[in-house]
Amino acid sequence: QVQLVESGGGSVQAGGSLRLSCAASGYTYSSYFMAWFRQAPGKEREGVAAIRTGGLSTYIADSVKGRFTISQDSAKNMLYLQMDSLKPEDTAMYYCAAAQRDIGSWYVFSPTRYNYWGQGTQVTVSS
């Protein structure tokens, strides 16, 4: 059974950095896509970064481009999200997600395409 466990969230001032980690178990890295989503209170879940496993392609949402970086360590079954120059609007619960099929690059930020989710880690950015 696939399990995803996020860590690394916390509270930081605007302009600061955080690195989120997602530990995957029961997940075959030869599978296709992993991603980070976030959801703020009263808002829809939003994709911020995705990666085709093997690091062949990465996808970054326009809202975080130039500030967030997604990476993976296949040997350790880890997914990371490096978040720099954080803004108060980045405040949200951040979720790790995995899809064990080729969802296609067009749909990398569609939550319904992912069939495994972590419990989330809270990121709070104060001004």
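We number each residue from 1, following the sequence as shown. FYI, side chains are in, hydrogens and waters are out, and symmetry mates aren't considered; it's all heavy atoms of this structure. Predicted model only: the values in this text are computed from it and were never measured.
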Point to revise | Reported CZ-to-OG distance for the pair R67 and S85, which is rounded to 0.5 angstrom | key: 7.0 Å
Exercise for review: Please examine the side chains of I70 and I60, heavy atoms only from C-beta on, and report whether any two atoms are closer than 4.5 Å.
Suggested key: yes
Review point. Side chains of Y114 and V108: closer than 4.5 Å at any heavy-atom pair?
Key: yes
Practice item. Locate the shortest heavy-atom distance separating A24 from L4; write the atom from each residue and the value. Key: CB-CD2, 3.7 Å
Exercise for review: Find out if a path of hydrophobic residues (ILVMFWY) with successive side-chain heavy-atom gaps under 4.5 Å connects W117 to Y32.
Suggested key: yes
Validation: residues 9-19 side-chain donor-acceptor distances under 3.5 Å, sequence neighbours left out:
residue : atom : partner : partner atom : Å
S17     : OG   : D84     : OD1          : 2.8

Study note, to complete from the structure: Between S127 and P88 the two heavy atoms that sit nearest each other are CB-CG, 3.9 Å
Practice item. Can you see which heavy atom on R113 is nearest to which on I103, and at what distance? Key: O-CG2, 3.5 Å
Hey, can you pull the donor-acceptor pairs under 3.5 Å for the side chains in residues 34-48, sequence neighbours left out?
residue : atom : partner : partner atom : Å
W36     : NE1  : Y80     : O            : 3.3
R38     : NE   : E46     : OE1          : 2.8
R38     : NH1  : D90     : OD1          : 2.9
R38     : NH1  : Y94     : OH           : 3.0
R38     : NH2  : E46     : OE1          : 3.4
Q39     : OE1  : R45     : NE           : 3.2
Q39     : OE1  : R45     : NH2          : 3.2
Q39     : NE2  : K43     : O            : 3.1
E46     : OE2  : S63     : OG           : 3.2

Point to revise | Minimum side-chain heavy-atom gap M78-C22 below 4.5 Å | key: no
**Study point:** Hphob cluster co-occupancy, F109 + M93, side-chain heavy atoms under 4.5 angstrom
**Key:** yes
Practice item. Could you give me the CA-CA distance, side-chain angles and deciding distance for R52 and Y59, then say whether side chain to side chain contact (heavy atoms under 4.5 Å, CB included) is met? Key: CA-CA 9 Å; R52 184 185 291 268; Y59 309 84; 4.2 Å; yes
Revision key, fill the gap. Heavy-atom closest pair (L79 atom, C96 atom, distance to 0.1 Å) is CD2-SG, 3.9 Å
Check your understanding: So with a 6.0 Å cut-off around CD of E89, is the heavy-atom count from everything else above 12?
Key -> yes
**Study point:** Donor-acceptor pair, side chain of T121 and main chain of E6, under 3.5 angstrom
**Key:** no
Study note, to complete from the structure: Rounded to the nearest 0.5 Å, the CZ atom of F68 sits from the CG atom of L20 at a distance of 8.0 Å
Review point. Where do I51 and F33 land on the side chain to side chain contact (heavy atoms under 4.5 Å, CB included) test, with the steps shown first?
Key: CA-CA 6 Å; I51 188 167; F33 284 90; over 6 Å; no
